J.: 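To start, I am sharing the structure in question, which I have written as structure tokens.
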Amino acid sequence: MPQSVSRRRFVTGLSLAGLGLLAAACAPAPAPTPTPAPAKPAEAPKPAAQPTPTPAPAKPAQPAQPTPTPAAAAKPVEVAKPVAGVNFPPIKKTVSGKVVWLVRSTPQENKGQEEIFEPMIKQQLPNVQIERIIVPGAQYIPKINAMAAANQSLEIWGFGGNYYDYWWRGLPQDLTPYIKADQWDVENYFQPGLMDIYKIRGKYYGISQLTTFGSIMVYNKNLFDQAGLEYPPVDWEDESWTMEKMLDLAMKLTKNYGKPDGQYGVRMQLWAQMTSYPYLWGGDAWLPEHYTNFIAPKTNFNSPEVIDSHQFRQDLIFKYKVNPDPAIDQGLTQLAAPFKTGRVAMEMDGGWLFWTTSDIKDFKIGYAALPRAKTNKNINFNDFWIMGRWSQNKDAAWEVMKVLTSVEATTKYSLHSGTPPTPRASLDAWLKRVSEYTGQSIEDLRKLTTGAIKKERSQESPDHIFLQHPKIWDTYSQEIQPLWQSNARTAKDLITQVVAKRMDEVVNGIYNQFKDTMPKD
């Protein structure tokens, strides 16, 4: 019997969901607008797989499309073959019935679903009928909520969002019994640590779908070569790769700042700045309990690491003049995503840079580890396939989820989309593809990607963890604006007098709203 979501638990959580419209780690195209406009911005979405080559900052989501039907003459896909050292349970072909699969309308993703996933599901699970529902990214989470409220069966969804919000509202099915029944060693099948991210109180609530391999740097090799400079390193253990070294390079790579032919040494983006910047300075804007309880009574915003890291970013713009100011950034964005114009030497942001820059043909690129101020701790963004707790065909849904995460499926999809695969055995094929367009060795790229997600320096994005994170982000984005618009106020002045107080107010309000409603299971 399908397990329904209790009405009380669902309604209690709707106030979370209303603010959780971020479809995220990797979510609706285009890339987040790097330099926010003075108006209060929405929480920045992370890019979907292989976005349009020159994404506009406010490109509207595409309308929902009908489920594509694979061509009759499509070449059959071979059944996945065993891979040495890979523990993967056999697909149970006896399951049957309809499986409702909710996806977002992103052309490259939908094409991969149509050409790779669905034919593979049809071949390996011939008695299962897939109903793939496609909705625009902005409607994705509201659609999940609506289907749950109506008790309309939803077997599988994914593509980011706030996983702990889902859990708090009782939406995801506990997958632990399925994993145990299949004797599937998921910890060693997927990249290290990925399955722990959506493991709550010893229970697994999702199967790893996508990882960004943390936050990284992309750089323009042509500009480095013209200046006779060494490329940034891939090794996260390289303690010589510091913010001071990065600044030195940026100053040498910046030319004609603000002029029509201006060239800029660095764009220090690193979504979400309120979290990423303090990490690099050895601190944290949030209390430890915020990561474990998903709410907290206050922040740690009024701390030296938060202040110093924000001051450094302001100095890159107004003191050293190596990072484009908002007006320059807006001008670059009119041409293309700023890094794609060829006039930015280095950019730091989430690991979606792996796929949003993979189509660059006008100049050579490379990827590097983040420089450290005191540490190089960075945010990782991960997505999961999730089964609806109220779904009506769970056994078939589980087998479909296994097909979607098989080595064969993830390898083919990663080569199609450019997005990193999560099974360990699928990684080399993707690294080879990245090596071909960067000229970097597979081993260097392996060092970069797996080094980024080592436990000591990797943190899952708080937008997947903190309840009502969009509300927190919106408050920060609005209050921090003056720091990026001019240097009339220092980071210490603005943060201590305005930002820290407002952040505490918002976080405390969320805490008081939900402190007595944490689920028991």
Side-chain angles (χ1 to χ4, degrees), residues 22-35 43-62 104-112 137 159-160 209-221 264 266-273 276 324 329 332-370 378-383 413-421 430-431 433-438 440 445 448-449 452 461 463:
L22 176 70
C26 316
T33 304
T35 306
E43 182 163 10
K46 273 76 74 181
Q50 198 63 32
T52 307
T54 55
K59 182 178 179 181
Q62 296 197 8
R104 60 190 178 193
S105 57
T106 303
Q108 279 296 105
E109 289 178 344
N110 299 150
K111 186 177 180 182
F159 308 102
Q209 174 194 356
L210 179 148
T211 182
T212 66
F213 282 115
S215 301
I216 59 166
M217 171 183 282
V218 62
Y219 59 91
N220 184 322
K221 286 186 171 183
Y264 305 94
V266 67
R267 290 181 77 243
M268 186 175 174
Q269 300 307 110
L270 288 175
W271 199 91
Q273 295 98 323
S276 287
D329 215 59
L332 291 172
T333 304
Q334 298 304 313
L335 303 173
F339 183 78
K340 289 187 174 184
T341 65
R343 293 164 57 186
V344 175
M346 298 177 284
E347 180 163 320
M348 292 180 273
D349 212 338
W352 47 78
L353 290 173
F354 282 122
W355 64 90
T356 62
T357 61
S358 64
D359 60 343
I360 293 175
K361 306 296 183 187
D362 295 334
F363 54 90
K364 297 178 181 178
I365 66 171
Y367 301 112
L370 295 182
N378 69 100
I379 293 180
N380 196 12
F381 304 85
N382 295 281
D383 290 350
Y413 186 78
S414 70
L415 297 180
H416 162 84
S417 65
T419 57
W430 178 77
L431 291 177
R433 177 185 185 273
V434 178
S435 176
E436 288 170 353
Y437 70 79
T438 64
Q440 295 173 281
L445 290 168
L448 172 66
T449 52
S461 177
D463 80 298

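Bear in mind that the values here come from a model prediction, so they are computed numbers and not experimental data.
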J.: Locate the shortest heavy-atom distance separating S414 from P421; write the atom from each residue and the value.
T.: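 Smallest heavy-atom distance, with atoms named: CB-CD, 3.8 Å.
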J.: Under a 3.5 Å distance rule, please check whether N110 uses its side chain to pair with a backbone N or O of R104 as donor and acceptor.
T.: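 Checked: pair present.
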J.: Just verifying a value: how many Å separate F381 CZ and W271 CH2, rounded to the nearest 0.5 Å?
T.: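 Going from CZ on F381 over to CH2 on W271, the span is 6.0 Å.
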J.: Going through the distances and angles, do S358 and R433 end up as a side-chain contact (heavy atoms from CB on, under 4.5 Å)?
T.: CA-CA 10 Å; S358 64; R433 177 185 185 273; 4.1 Å; yes
J.: If I take atom CG from residue L270 and atom CD from residue E347, how far apart are they, to the nearest 0.5 angstrom?
T.: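 Between atom CG of L270 and atom CD of E347 there are 9.0 Å.
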J.: Applying side-chain contact (heavy atoms from CB on, under 4.5 Å), run through L210 and F159 and close with a yes or a no.
T.: CA-CA 8 Å; L210 179 148; F159 308 102; over 6 Å; no
J.: Ignoring hydrogens, what is the shortest heavy-atom contact between Y413 and G112? Give both atom names and the distance.
T.: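 Shortest heavy-atom contact: CE1-CA, 3.8 Å.
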J.: Looking only at atom types and distance, does a side-chain atom of S435 sit under 3.5 Å from a main-chain N or O of Q440, one as donor and one as acceptor?
T.: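 The answer is yes, because a donor-acceptor pair under 3.5 Å joins these two groups.
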J.: Taking the side chain as every heavy atom from C-beta outward, state whether P420 and T212 have any atom pair closer than 4.5 Å.
T.: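 No; the side chains remain at least 4.5 Å from each other.
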J.: Which heavy atom in L353 sits nearest to a heavy atom in I216, and how many Å separate them?
T.: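 Minimum heavy-atom separation between L353 and I216: CD1-O, 3.9 Å.
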J.: Rounded to the nearest 0.5 Å, what separation is found between the CG atom of L335 and the OG1 atom of T341?
T.: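 That separation rounds to 6.5 Å.
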J.: Please examine the side chains of R267 and P324, heavy atoms only from C-beta on, and report whether any two atoms are closer than 4.5 Å.
T.: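 SC-SC contact between P324 and R267 confirmed.
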J.: Taking the side chain from D329 and the backbone from P338, do they hold a donor-acceptor pair closer than 3.5 Å?
T.: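 Judged by distance alone, no pair lies under 3.5 Å.
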J.: Working to the nearest 0.5 angstrom, can you tell me the gap between F213 CZ and L431 CG?
T.: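 Between F213 CZ and L431 CG, I get 7.0 Å after rounding to 0.5 Å.
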J.: For D383 and G160, indicate whether the former's side chain and the latter's backbone hold a donor-acceptor pair under 3.5 Å.
T.: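 At least one qualifying donor-acceptor pair exists.
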J.: Between CD of Q273 and CD1 of I379, what distance do you get to the nearest 0.5 Å?
T.: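 One gets 9.5 Å once the value is rounded to the nearest 0.5 Å.
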J.: Could you check whether any side-chain N or O of D349 sits under 3.5 Å from a backbone N or O of Q269, counting only pairs where one atom can act as donor and the other as acceptor?
T.: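 Side chain of D349 to backbone of Q269, a donor-acceptor pair under 3.5 Å: no, none is there.
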J.: So, does W430 use its side chain to make a donor-acceptor pair with the main chain of G418 at under 3.5 Å?
T.: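 Flag set: sc W430 to bb G418 pair under 3.5 Å.
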J.: Quick one: closest heavy-atom pair of S105 and G137, and the distance?
T.: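 Taking S105 first and G137 second, the nearest heavy atoms are OG-N, 4.3 Å.
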J.: Taking the ring of F363 and the ring of F339, is the distance between their centroids below 6.0 Å?
T.: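 Yes, the ring of F339 comes within the 6.0 Å limit of the ring of F363, centre to centre.
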J.: If you apply the rule side-chain contact (heavy atoms from CB on, under 4.5 Å), what do you find for K361 with Y437, and how did you get there?
T.: CA-CA 9 Å; K361 306 296 183 187; Y437 70 79; over 6 Å; no
J.: Scan side-chain atoms only and decide if Y367 and T449 contain a donor-acceptor pair under the 3.5 Å cut-off.
T.: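 Not at all, the side chains of Y367 and T449 share no donor-acceptor pair under 3.5 Å.
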J.: Quick check for you: to the nearest 0.5 Å, what is the distance between Q209 atom CD and T419 atom OG1?
T.: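 Answer rounded to 0.5 Å: 8.5 Å.
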J.: Donor-acceptor check, side chain of T106 to backbone of Q108, threshold 3.5 angstrom: yes or no?
T.: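 Answer holds: no.
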J.: For K340, which of D362, T357, D359, T356 qualifies under side-chain hydrogen bond (donor to acceptor under 3.5 Å, both in side chains)?
T.: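 Considering D362, T357, D359, T356, a side-chain hydrogen bond (donor to acceptor under 3.5 Å, both in side chains) with K340 is found only for D359.
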J.: Just wondering, more than 12 heavy atoms not from K111 lying within 6.0 Å of its NZ?
T.: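 No, not enclosed.
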